[in-house]
Structure formats: structure tokens, C-alpha cells
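Comments concern the structure below.
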Amino acid sequence: MGSDKFVTRHIGPREEDIKSMLEAIGVSSLDELMDQAVPANIRLEKPLRLQDGLTERKYYRRIHDLAKMNKVFNTYIGMGYYDTITPAVILRNVLENPVWYTSYTPYQAEISQGRLEALLNFQTMVCELTAMELANASLLDEATAAAEAMVMMHNGRSRAKAKAGANVVLIDENIWSQTLDVLQTRATPLNIELKVGPVHDFVFDDKVIGLMVQYPNSNGEVLSYAHLVEQAHAVEAIVAVATDLLSLALLTPPGEWGADVVFGSSQRFGVPMGYGGPHAAFFTARDEYKRIMPGRIIGVSKDKHGNRALRMALQTREQHIKRERATSNICTAQALLATMAGFYGVYHGPEGIRGIAERVHAIAVLLDEEISALGYRQLNQNYFDTIRFALPKHVKREDIEWLSHELEMNFRYFDNGEVGLSIDETTNLEDINWMIEVFAKAANKRYPTITVYPEKGNIDPAFSRNTPFMQQEVFRKYRSETEMLRYIKRLEHRDISLTHSMIPLGSCTMKLNAATEMLPLSWFEFSSIHPFVPKNQARGYQEMMEELRRDLAEITGFADVSLQPNSGAAGEYAGLMVIREYHISRGEGQRDVVLIPSSAHGTNPASAVMAGMKVVVVPCDERGNVDVEALRQKAEEYQDTLSAFMVTYPSTHGVFEASIVEMCDIIHQNGGQVYMDGANMNAQVGLTNPKRIGADVCHLNLHKTFAIPHGGGGPGVGPIAVAEHLVDFLPSHPVMNNGHVGISAVSAAPWGSASVLPITYGYIKMLGADGLTKATEIAILNANYIASQLKDTYGILYVGENGRVAHEMILECRHLKANSGITEADIAKRLMDYGFHAPTLSFPVHGTLMIEPTESESKQELDRFIEALKAIYEEIQSIIEGKLDKEDNPLKHAPHTSETVTSDDWQHAYTRQQAAFPLSWLKENKYWPPVGRVDDAYGDRNLMCTCDPVESYK
Ligand SMILES: *Cc1c(COP(=O)(O)O)cnc(C)c1O
């Protein structure tokens with residue numbers, strides 16, 4: 001790590017490049033370009049009040065010091081988080097590997113076959129362990145997965161039930177308290193009535209639309225719910241079961257006793273606790289619910305040559321298409337963590353997973369016996385990994401706590417004084433003896449030394465699993481490290497990531513994820529901390545998050561920040577719920593209308609509906625700007641019920657609208673609040689901010705603007721920042737005091753995905769005020785440079801008043817389609833032959849491509865991309881001029897695989913050279929798409945979402 005300024009590594013263009021790019025654009029300085037692109041009335045008057053940027057070396061020392069302030073105890077708290085061993089081959093080759101962590105959500109299937117296969121493995125493993133038919137490729141966390149299940153119960157009501165206003169969901173009181181809290185948050189605005197109680201008290205009448213139980217439950221007890229399932233089904237209620245995947249290696253899976261939905265966390269499959277996240281939640285349903293099931297589903301289809309090819313299935317269900325009619329607002333999920341969990345399953349295989357489960361269970365049984373022998377009463381009749389003790393009269397809970405802390409262990413303390421232990425795969429003989437020692441010393445008893453690992457389980461035959469699982473080939477083949485390494489590499493070689501070329505995805509900000517920012521992620525002191533440990537064991541985390549909140553508040557101009565939401569869309573929801581609560585606190589609970597421009601991202605209307613609001617769409621004018629008069633008219637029309645205006649700034653059309661301040665004023669004059677979608681913050685940092693434009697709340701996509709990688713579709717972090725009057729409404733947490741006292745929780749973990757926050761922390765600390773501002777300026781420079789090079793061929797759809805774009809632009813392609821039959825999708829696929837990931841397709845304007853280069857791309861890379869697009873433009877001209885066939889041309893047949901190009905049977909009207917090596921630099925840097933164009937419709941007609949058919953459950 002050199003001592004030079006990090007900013008020179010983070011941004012792509014060199015000083016001399018900047019000069020020539022400014023010249024090409026036709027301005028004399030960066031300042032002049034900023035003056036033209038960003039309206040004067042919203043510019044910040046002063047620089048950001050942040051520290052100067054640290055060098056990479058200095059930052060490394062700082063983050064290392066913070067890490068040392070965290071104390072890693074052995075933690076037996078359980079409650080949804082367990083210590084786990086990430087196989088090093090997965091840690092090094094997936095979590096620490098930029099091919100896996102910098103790739104994008106697999107919308108472009110042909111260049112995503114590796115991560116699609118990894119996620120298909122995850123889905124298969126989840127279906128097998130739960131004995132369910134259909135799994136998605138991850139949700140944000142267990143608690144929000146529960147909420148998605150609840151919403152599915154609501155959306156899946158029969159017409160008769162909906163008509164009768166049935167809205168009751170029965171919830172097992174023994175469900176994690178964070179799950180219950182999130183359920184309550186999500187139920188209220190939708191008028192879903194939660195009846196929480198002991199399962200034996202449940203009454204199944206016509207009002208009931210769903211039943212949710214946890215298995216094993218929050219006490220660790222394994223109970224039978226078969227009779228409840230029957231009663232629920234008798235009144236057409238959907239049954240959702242929260243569960244622990246590992247336990248299902250030994251316990252009868254919920255799919256075998258009638259569950260309609262099974263969900264939970266896959267964290268303990270090799271994904272570190274990380275002080276709360278990120279982790280992949282899994283979600284399964286029976287086949288009949290596939291159209292209302294939330295989240296992305298990976299499916300098997302075929303390519304145009306008839307070869308097996310994977311892609312995301314049933315995409316028409318997604319929020320970007322269905323908008324306010326979407327069944328869920330999930331966009332970014334937890335792809336990287338699901339990938340890791342899937343590989344964990346591949347590496348261990350069915351016997352390995354079963355072996356881990358048996359060991360965990362046997363240790364719990366041994367501890368049950370030994371600690372009971374000391375006079376404690378173990379209360380769980382049937383259990384997997386969790387035992388629970390009532391203390392003898394003379395034993396004080398404080399003594400146990402003190403003794404366990406002396407030995408650097410954390411136990412779980414129930415409100416009623418009981419003490420719990422949840423065993424995990426890391427628990428070893430020494431740990432076992434220490435646990436016994438604590439209980440013995442607290443009771444003043446002598447204790448034995450355990451010298452051999454226990455092997456005995458005691459699962460009641462009534463609960464014990466007797467069906468095989470994970471019998472597919474993939475779970476048998478890769479057990480040695482060498483085989484595993486090669487399998488991971490084989491998949492990796494099929495994908496395009498930032499390690500190959502720029503990923504110019506508009507709205508997604510695929511910037512550098514610097515190695516120094518990423519390094520701390522795998523440090524023990526950050527990864528091995530349970531989110532519910534006493535705060536004095538996580539002082540490094542607490543201090544880092546405190547500083548990060550302050551810095552993000554400074555960057556947004558707002559008063560405070562909640563780090564809890566796990567994605568941009570989760571942030572939207574949280575922000576709207578904060579606004580809702582604010583109106584209620586002022587006696588204006590009737591305010592429930594949200595104005596949303598027609599250009600908005602699909603998550604905006606989807607989140608608004610989830611927050612119980614009514615969406616009113618505001619049109620844009622022919623220049624792509626929000627129609628201010630229409631906005632005024634709607635705001636006045638709804639002035640008594642106006643809740644909020646959701647606006648993306650700069651707009652999704654890639655322009656800083658000069659009228660933004662006026663728009664915010666109109667909303668405030670009519671009693672509404674302004675929610676700013678912060679996905680485009682990369683064009684604002686240091687130049688303007690949400691507070692300055694007049695907003696009240698915004699979310700930030702830390703996985704866009706603030707350097708957290710995309711991970712092939714997650715993790716994300718979507719903190720919300722709010723103005724002073726909204727601070728009291730920020731989300732709290734039922735288990736840990738997170739400093740906020742407002743609405744109930746929106747995520748399972750108190751601080752969301754804490755373990756990836758050091759990435760953003762490092763990004764801000766190393767760039768500092770000047771570097772952050774410079775990054776924004778260069779992002780705008782890079783976009784305007786590309787626009788200047790492509791405006792005379794394709795054309796740029798929208799520009800601002802001075803003819804400039806912001807940090808991204810919409811490339812016009814519709815005239816080309818009209819003249820040549822070549823669609824924006826053909827251009828996207830052809831770019832793969834040139835080694836590039838396509839820009840954003842058909843969002844926000846159908847038939848176009850949206851390009852966002854980011855500040856991290858160098859001039860030489862921008863020029864390569866521009867050259868590729870120009871070459872494609874020439875190919876299209878050749879079609880128009882009749883030099884290339886209208887059907888048999890390299891665009892319609894793109895992408896070209898090495899197999900087709902080297903085939904002895906080449907029948908096309910264009911050459912192989914033209915197909916695969918249309919530009920000379922491809923000789924040095926050729927990426928071969930592993931499959932030809934994927935047939936989406938075939939896969940949706942023949943839906944298959946696991947590795948191969950699972951005969952045993954069909
Ligand atoms: C990415 C994006 C979102 C959604 O963010 P996620 O983190 O994917 O949930 C919302 N709005 C806009 C404009 C976006 O680009």
C-alpha cells in the first residue's frame with residue numbers, strides 16, 4: 001500500500017486525460033462543466049465537513065485499531081445467528097474474489113451462467129432440506145422473509161375471503177422477537193391483524209388467512225404442528241414455517257407435514273455472523289404459489305442452440321414491471337451470501353451436512369445431561385441445538401453471566417431468568433468443558449472433564465427425518481479442496497464482472513470496490529461477532545458506525561441516519577413508514593397519497609403500496625422532466641390526503657432538473673413530505689445534497705454510491721437519512737438498543753448488515769471531503785464525455801438546460817430498430833461479443849439503453865466502450881444499407897460462443913472473424929460467452945428451478 005492519495009487510485013482518468021475529455025466535451029474546466037450540469041440554486045456553498053482523506057496505509061491502521069476493539073467471545077446466544085466455519089476455499093475464492101463480489105444481478109443471462117449455477121445450487125439445497133417444490137435465490141433476512149410470507153398470505157387469499165375482509169394471521173408467540181417486530185411493522189399499514197399467542201389457543205375461523213409457526217421454536221423446542229396445519233387448511237389459510245436449515249438434516253422437514261411456505265436464514269451454512277449480516281434468507285413455496293412468491297427465482301432453460309442454459313425465471317412478476325401491482329418490492333437481495341451457502345452445501349454434501357447437524361445435536365444432548373446432573377432443570381423436551389435451563393434456587397443468574405464472561409463466552413438469558421445455550425459447528429471439547437465449568441462453579445459443584453466427543457442423539461422418532469436429501473450429482477462431486485477450487489473457478493470463468501471490463505449499468509453505479517476497503521471483511525474481529533452480544537464486546541463496531549452515521553448525515557445534510565435497512569428498496573419502505581408515523585403523530589393519519597413520477601424505479605410504487613399508501617403517478621414532459629404543473633395540480637387536488645412525493649435526483653433520466661426546489665416547495669405547501677430516492681447520489685456528493693434540494697428523507701444505496709460491491713445481486717445496504725423533525729421516528733430494535741426509538745424494526749438485525757459497513761467507512765475515510773467531491777465531478781465528466789462521443793450516432797435522449805447530462809445518460813436506440821429491425825436487446829447481446837456487459841436495458845424508457853460509467857473508469861476503458869458501441873452502430877448501418885442480411889447478421893445471432901465460431905459447419909452470411917473478433921483489441925482480451933442467446937419463454941413454460949428433477953418429492 002503506497003503513500004499516495006487514494007483518490008488517484010479510485011478515479012480512472014489521469015490529469016492529462018481530464019484535459020482532453022473536457023476539450024472533447026467543449027468546456028474549459030471541470031468547474032465550468034459542473035456549472036453547466038448542476039443548477040446553481042442547489043449547489044453547496046461550503047465544502048463537506050469531513051476529515052481529509054487517509055492514505056490506504058493509514059486507513060489500514062485505523063480499521064485494524066477498530067477491529068482490535070471488538071472482543072470475539074464464543075457465543076451460544078442463538079436466536080437466529082450461529083457461529084459457523086466458512087471453508088477457506090470458499091472464503092478465499094468466493095467472498096474475497098472480485099469476480100464473485102463485483103458482478104451484477106444476472107439479468108444478462110448469457111454472461112452470468114456461473115453465478116446462476118451457484119444460485120441454482122442454493123435453491124436446490126434449500127428445496128431438498130425443506131422438502132419443498134420451489135425456492136427463490138434469497139431474501140434480505142429471516143424477519144423480512146417472514147413479512148413476505150405474511151404478505152403472500154394476504155395476496156393469496158381466495159376471492160371469497162378477500163371479499164369478506166378476512167385479514168387475520170395467527171403467529172406462534174415463540175418466534176424470534178426480531179421476526180415478530182418486523183411482522184408488526186409490516187402488518188399495520190396493510191391492515192393485517194396479527195394474533196400472537198400460544199399455538200394451542202389458536203382459533204381457526206373464516207377470518208384467518210394464515211398461520212405462522214417456528215420449528216424449532218424460539219425456545220429451541222421442537223413441537224408437532226400437523227394438527228394445526230390441518231385446521232389451517234380447512235379454512236383455506238396459508239401455512240408458513242420459519243425454520244433452521246441445519247436442523248432439517250435431522251428433523252422431519254416442514255414440506256413433509258404440509259407447510260405451504262418455509263423460510264429462514266441460511267447464515268449458519270458458512271456465512272459469518274458479522275454482527276448481524278449480511279446473510280441470505282431462504283424462501284420456499286409450493287408450486288401453486290409461484291406467481292405470488294417474492295424474490296428472484298433462477299430457472300433452467302435452453303439457449304438457441306438447444307444447450308442447457310440458466311436465467312432468472314418469471315421476470316414478469318418483478319417490481320420493475322408490475323410497479324404498484326407488484327407482490328413485493330425486493331430488488332437487491334443477498335446473492336453473494338446465497339452463493340456462499342450453496343457452495344457450503346456443495347463442499348459438505350448430504351453426509352457432511354448431516355454429520356455437522358448430528359455433532360451439534362449430540363453436544364447439546366451431552367450438555368443437557370451434564371448440566372442437569374449439576375441440579376439444573378433442562379426444559380426442552382425435544383430439541384435440536386438449543387437447551388434451556390431453569391436455575392436451582394441458590395444459583396444466581398449474575399454469577400453465570402460473570403463466570404461465562406471470564407471464560408469469554410456469551411449465553412442466552414431469557415426474561416424469566418432461564419439460561420439458554422445454542423450449540424454450533426464450531427463448538428469443541430474445550431468449549432464443552434468450559435460451559436460445564438460455568439454451570440458447576442455457579443452451583444458450587446464438582447464437575448467432570450469430557451475427553452471424547454459425544455455421539456449420542458435423542459431425537460424422538462416422531463420428529464426424525466427419514467427421507468434422503470441433496471442426492472443431486474453436484475452435492476457429490478466436489479469434496480476435495482482441489483475439486484472444489486476448480487469447480488468454483490470453472491463457474492467464475494463463465495461470468496463477466498468488473499475484473500474484465502466496465503459495467504456501464506445506468507442507475508447501478510458499478511464503481512471500484514477497492515481492495516483496501518474489502519480486506520477487513522474477513523477479519524475475525526468483524527466477522528465472528530453475534531449481533532446481540534453486550535455492546536462492550538463490539539466497541540470497534542459501535543465507534544465505526546457512530547462515525548459513519550455522522551459522515552452520512554454530513555453528506556446528505558440531514559440530522560441522523562438509520563443503518564438498519566438492507567437494500568435501497570428496504571430503505572424506501574423504512575423512509576415512507578417514518579413519514580407515515582410523522583403524519584400520525586400530528587393527528588394527520590389520513591395522509592396516505594404518494595405522488596410518484598412516471599419515470600420512477602419500480603421499487604418506488606411497490607414500496608409505497610407496502611407502506612399502505614395510494615400511488616398517484618405524475619407525468620413527465622417531452623424533455624423528460626417531471627411536469628411541474630401536473631405535480632402542482634395533483635398536490636392541490638390531494639392536499640388533505642397528501643403524504644409524500646417520491647423523487648429520484650438527479651432523475652432516472654440522467655438529468656439534474658432545475659425545478660427540484662420548486663417541486664419540493666409545492667409538496668410542503670400541501671402538507672406532504674419529500675422522499676428522495678438516493679440511488680443517484682453519486683452525482684450529488686459534495687456538490688449538492690438532499691437537504692439542500694428540499695427533501696425530508698432519503699435512502700442511500702451504499703452498494704451503489706458508497707463502494708459496497710454488488711455481489712451478483714446483493715448484499716445491499718440502504719440506510720435512511722432524515723431531517724431533524726423525523727429523527728424520533730427512525731426504526732428501533734426489540735432486542736438491542738440501537739439509539740432510535742421510533743417505528744418498530746424493519747430488519748432482523750439492529751444495525752442491518754454491519755459487517756459490510758467498513759467498506760463504506762473506508763471509502764469515505766480514504767477519499768475525504770475533497771476526494772468525494774472529485775469523485776462526483778469525474779463521474780459527471782465521464783458521463784458527459786461518453787455523451788459527447790455518441791450523441792451524433794445513437795443520440796442522447798434527455799439533457800439538462802445547458803445540454804449536459806448528470807452522471808448517466810439514456811442512449812436512443814428506437815430509430816435504429818425502426819430502420820433495421822435491431823432491438824436494444826440485440827445491441828445488449830452483441831456487446832457481449834465485444835467483451836462488455838450491457839448497459840441498463842429499457843429502463844426507464846422502453847427501447848433504450850442507459851449508460852453510467854462512474855468515476856472509476858479510465859479514459860482508455862471509456863474509449864474502448866465507445867469504440868465497441870460505434871462498431872455496433874456501423875454494423876446496424878450495414879444492415880440498413882443492405883450490406884448485412886436483415887436476419888442473418890452478427891447482432892441477431894449474438895452472443896457467439898467459441899463452439900459455434902469454431903464449428904466445421906459455419907453457415908452464416910457473415911464471417912467468423914466478424915462474429916468473434918470485430919475489433920483488433922479483442923485478440924488480447926477475448927471473453928467467450930459460454931452459451932448462446934437464452935430462450936426465456938421456454939424456461940417459463942417449463943419451469944424448473946432445481947439442479948435436476950427431484951423424484952423423491954414429486
Ligand atoms: C437500485 C435502485 C433502487 C432499488 O435499490 P435496491 O438496493 O436494489 O433495492 C431504487 N431506485 C433506483 C433509482 C435505483 O437505481
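We count ligands from 1, going down the list as the structure has it; atoms in each ligand are counted the same way.
Every atom of ligand 1 is numbered from 1 in the order shown, and the set under 4.0 Å from a heavy atom of Glu572 is 10 (C), 11 (N). Residue contact check: Ser507 has heavy atoms under 4.0 Å from atoms 13 (C), 14 (C), 15 (O) of ligand 1. Here is the list of ligand 1 atoms found below 4.0 Å of a heavy atom in Cys331: 8 (O), 9 (O). Short contacts between ligand 1 and Thr603, defined as distances under 4.0 Å to a heavy atom of the residue, involve ligand atoms 3 (C), 4 (C), 10 (C), 11 (N).
Using a 4.5 Å heavy-atom cutoff, the side chains of Leu831 and Phe865 are in contact.
Counting protein heavy atoms only, atom 1 (C) of ligand 1 is closest to Lys704 NZ, 1.4 Å. Protein heavy atom nearest atom 9 (O) of ligand 1, with residue, atom name and distance: Ala569 N, 2.8 Å. The closest protein non-hydrogen atom to atom 11 (N) of ligand 1 is Asp677 OD2, 2.6 Å. Distance from atom 5 (O) of ligand 1 to its nearest protein heavy atom, with residue and atom name: Asn701 ND2, 3.1 Å.
Contact annotation: for Ala679 versus ligand 1, heavy atoms closer than 4.0 Å belong to the side chain alone. When heavy-atom distances to ligand 1 are checked against a 4.0 Å cut-off, Thr332 comes that close through both its backbone and its side chain.
Taking the six-membered ring where tryptophan is involved, the planes of His699 and Tyr675 are tilted, since the angle between them lies from 30° to 60°.
For the pair Arg186 and Tyr573, the cation sits on the ring face: its NZ or CZ lies under 6.0 Å from the ring centre, inside 45° of the axis.
For the 3.5 Å distance criterion, the side chains of Thr102 and Asn513 fail to qualify, holding no donor opposite an acceptor. A donor-acceptor pair shorter than 3.5 Å can be found between the side chains of Glu824 and Ser842. When only modelled atom types and interatomic distance are considered, Arg115 and Tyr104 share no side-chain donor-acceptor pair under 3.5 Å. No hydrogens or angles considered: a donor-acceptor pair under 3.5 Å links the side chains of Glu572 and Asn604. For the residue pair His601 / Thr603, a side-chain donor-acceptor distance below 3.5 Å is found, with atom types taken as modelled.
Checked by distance only, ligand 1 and Thr648 stay at 3.5 Å or farther apart across all their nitrogen or oxygen atoms. The shortest N or O to N or O distance between Ala570 and ligand 1 is not below 3.5 Å. Every N/O-N/O distance between His699 and ligand 1 stays at or above 3.5 Å. The shortest N/O to N/O separation between His703 and ligand 1 falls below 3.5 Å.
A side-chain donor-acceptor contact under 3.5 Å links Gln564 to the backbone of Val746.
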